[in-house]
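First up is the structure itself, then whatever we jot down about it.
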Amino acid sequence: MLWSRAFIPTLRETPAEAEVVSHRLLLRAGYIRQLGAGIYNYLYLAQRSMLKIQQIIREEMDAIGAQEFYLAALNPAEVWQESGRYEVMGDNLFRLKDRYGRPLCLGMTHEEVMTYIARGELRSYKQLPQIWYQIQTKFRDEPRPKSGLLRVRQFIMKDSYSFDLTPEGLDESYEKHRIAYCRIFDRCGLDYIAVEAHSGAMGGSQSQEFMVKTEAGEDYVVLCRQTGYAANLEKAVSRPKPPEAPDPEGALEPELVHTPGQKTIEEVANFLGLPQTSLMKTLCLIADSQPVVAILRGDHQLSETKFQSAAGCQEFRPAHPEEIRELFGASAGSLGPVGLNGVRILVDEALRGRRNMVCGANRDDYHLRNVTPEEDFRGEWHDLRQVAPGDTELETGAPLEIVKCVEIGHIFKLGYKYSHAMGLKVLDQNGAEIPVIMGSYGIGVERVLCAAVELFSDEDGMCLPVSIAPFEVVLTPVKITDPSLKEAADRLYAELKAAGVDVLYDDRDLSPGVKFKDADLIGVPFRVNIGRKLAEGKLELVNRRTRETAEIDAATAAAEIRRRIEEARPQARH
RNA sequence: CGGGGCGUGGCGCAGCCUGGUAGCGCACCUGCCUUGGGCGCAGGGGGUCGCAGGUUCAAAUCCUGCCGCCCCGACCA
């Protein structure tokens, strides 16, 4: 492509609304333009990168025997009503009506449609396993689109679905995907982490997310460098920091303490001269309309996802002050589990074995000393707390760190959720009807691009990996009006094109500084300067990421450039 | 949905408080000049001041309502 003919609207200044690095650079480099909140147009450069990412995905999916479909994005509501997700997805699902008033929605993922196809056509165990995938636009009415392409309302996703006869078969399909995902992200040149994940509203058992560490992310991952443990904060487990003070010994009876005006854990701890670790925190949640009480160590935070699974509820919210008053006879500053009847009590594992702690007395301005779980109250033991800084690895006690990440892919075992809901069954060897077991596997294509930009950029712009950059090399004759430079550039351009290299030829009559700045900004991994050294038969090959400059012979430049591009191309390591 | 901010040529902003001529930098067009890191000189084009209503002789500016976008929170396969 000739730069003089290409639509690459680079900006010298950053549009005011862009905060995160990838958003700023994608705008400045002329990759994307915004159309509305969470809605973007992908211009020439973005589309080239997106297509390269999709091609890598396609190759690796095909390599595990997956079959590409093209599915309807416009879905009749009935299909989603069957699975129950028409309600579950709430406002996140874009809904519309056709001219006759029939309800439709825009697909935010395609479990329903894939299951719909499968149940109509799959009849026999002989047809399994199957892996079907699509690379298509998804729609989600996000409550708050943000961070450029990282959280949007319309985006491209690769999603695949596996259909197996047995759980063992699902294990195989899942493992195939895991390896394919590693290969895809390797080939896209990303540094990523595979972490244990919560399977959330999708339902299912085992689940892993592929994460890229970046400040622009919205997920937190708990990592252990020594043991390799890696899990989403939503599901991570840990060994808590030990209590700061020993518990009083002995079989002491609960004792009322007057604590006027002391409501928060911090206030009560200070008032009594105890560390927060000697207190119990009592939270009241309304889970699927039923009150549930959660007891945690004073310094710990409730993990919402863990609470939800422990309570086994669809949704929950903090109780309102009136509800708390009615249940406990006290307000939120003085709640405790002692003497509570008829309410489910969930107790965090970190309190197991603790004795004679402090909690609220269910009487305003009073707390109780010497409260011991299992003796003074009973509840169901669960892991309820969120991993906190300073916690250590559960088994080994090795240090943990918590890092901010963006999720680029997610694989999980769905199990029978959709086959049951929608009646997907096949006949086995004995002629008996058995439900099909499913898996679901997604990759956010824009997020792969964003993650690459977040990972590889500097003050001048992007430094994209060769495999997903819109061009592999840019030719920059320093002075296009100089016939000898132009002639050399023309020839090299023709040779590179003939060699199958993705080359952008900056044939614009602009000062070299402008051309260098533009090339740096759009992130092409190699630049060839054609300038003063040409008289000696030399060109300069500049590596965008390292800034290393090599002199190469003009005569054999095309072959040399090609060699270096291939050398720089990220390889699958799995 | 709660809190905050912003809407003025393509981009970045000033002007608004204290009503009266829409302005600056970049980008763009023409010509000359220049050519190894966003070059110089000269000339030029482009704006319903987010929308609607109100106050006023007069509104970008004051008042009311609405819309849009961004950020924080809530939310989120």
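Each chain gets a letter, A, B and so on, in the order the sequences are listed, and its residues count up from 1.
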Would you say the side chains of [X] and [Y] form a donor-acceptor pair under 3.5 Å?
X	Y	answer
S160(A)	H177(A)	yes
Y133(A)	H110(A)	no
D507(A)	Y493(A)	no

Say you pick atom [atom1] in [N] and the same atom in [M]; how far apart are they, in whole Å?
N	M	atom1	value
C62(B)	U8(B)	P	16 Å
C32(B)	C39(B)	C1'	14 Å
G38(B)	U18(B)	C1'	41 Å
G23(B)	C16(B)	P	15 Å
G15(B)	C6(B)	P	12 Å
C49(B)	U61(B)	C1'	10 Å
G7(B)	G50(B)	P	8 Å
C17(B)	C76(B)	C1'	42 Å

What I want to check is whether an N or O donor and acceptor connect the side chain of [X] with the base of [N] at under 3.5 Å.
X	N	answer
R144(A)	C71(B)	no
D518(A)	G38(B)	yes
R28(A)	G10(B)	no

Length of the [atom1]-[atom2] vector between [X] and [N], whole Å:
X	N	atom1	atom2	answer
K517(A)	C39(B)	NZ	P	10 Å
D520(A)	G36(B)	CG	C1'	13 Å
N92(A)	C1(B)	CG	P	14 Å
E551(A)	G36(B)	CD	P	17 Å
E218(A)	C71(B)	CD	C1'	13 Å
L521(A)	G37(B)	CG	P	18 Å
R544(A)	G37(B)	CZ	C1'	12 Å
L35(A)	G10(B)	CG	C1'	16 Å

Any base atoms under 4.0 Å from [X], or only sugar-phosphate, or nothing? Heavy atoms, all strands.
X	answer
T481(A)	base
R33(A)	nothing
S147(A)	sugar-phosphate
F155(A)	base
P143(A)	base
G442(A)	nothing
E234(A)	nothing
N529(A)	base
I480(A)	nothing
E17(A)	sugar-phosphate
K146(A)	sugar-phosphate
D509(A)	base

Before we go on, tell me: are the rings of F7(A) and Y44(A) under 6.0 Å apart, centre to centre?
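Aromatic pair excluded; centres sit 6.0 Å or further apart.
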May I ask you to say whether [X] pairs ionically with [Y], meaning some side-chain N is under 4.0 Å from a carboxylate O?
X	Y	result
R564(A)	E472(A)	no
R544(A)	D458(A)	yes
R547(A)	D460(A)	yes

List the residues meeting side-chain hydrogen bond (donor to acceptor under 3.5 Å, both in side chains) with S83(A), not counting sequence neighbours, and say none if there are none.
E112(A)
Choosing from C76(B), U35(B), C11(B), which nucleotide comes nearest the side chain of V478(A)?
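Of the candidates, U35(B) comes closest.
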Closest nucleotide among G36(B), G25(B), C69(B) to the E13(A) side chain:
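Of the candidates, G25(B) comes closest.
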Could you say whether R151(A) or V514(A) is positioned toward the 5' end of RNA chain B, judged by the nucleotide with the nearest heavy atom to each?
V514(A)
By nearest nucleotide on RNA chain B, pick out whichever of M108(A) and E540(A) is the more 5' one.
E540(A)
Reckon R12(A) has a side-chain N or O less than 4.0 Å from the OP1 or OP2 of A27(B)?
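So the side-chain polar atoms of R12(A) do come within 4.0 Å of the phosphate oxygens OP1 or OP2 of A27(B), strictly under.
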For G68(B), does OP1 or OP2 lie under 4.0 Å from any side-chain N or O of Q34(A)?
no
Quick one: look up who [N] pairs with, Watson-Crick or G-U, both distances under 3.5 Å, and put none if it's unpaired.
N	result
G12(B)	C24(B)
C6(B)	G68(B)
C17(B)	none
C1(B)	G73(B)
C33(B)	none

Starting from the C-alpha separation in whole Å, work towards a yes-or-no answer on ring-ring contact (aromatic ring centres under 6.0 Å, His included) for Y418(A) and H420(A).
CA-CA 5 Å; Y418(A) 293 89; H420(A) 278 147; over 10 Å; no
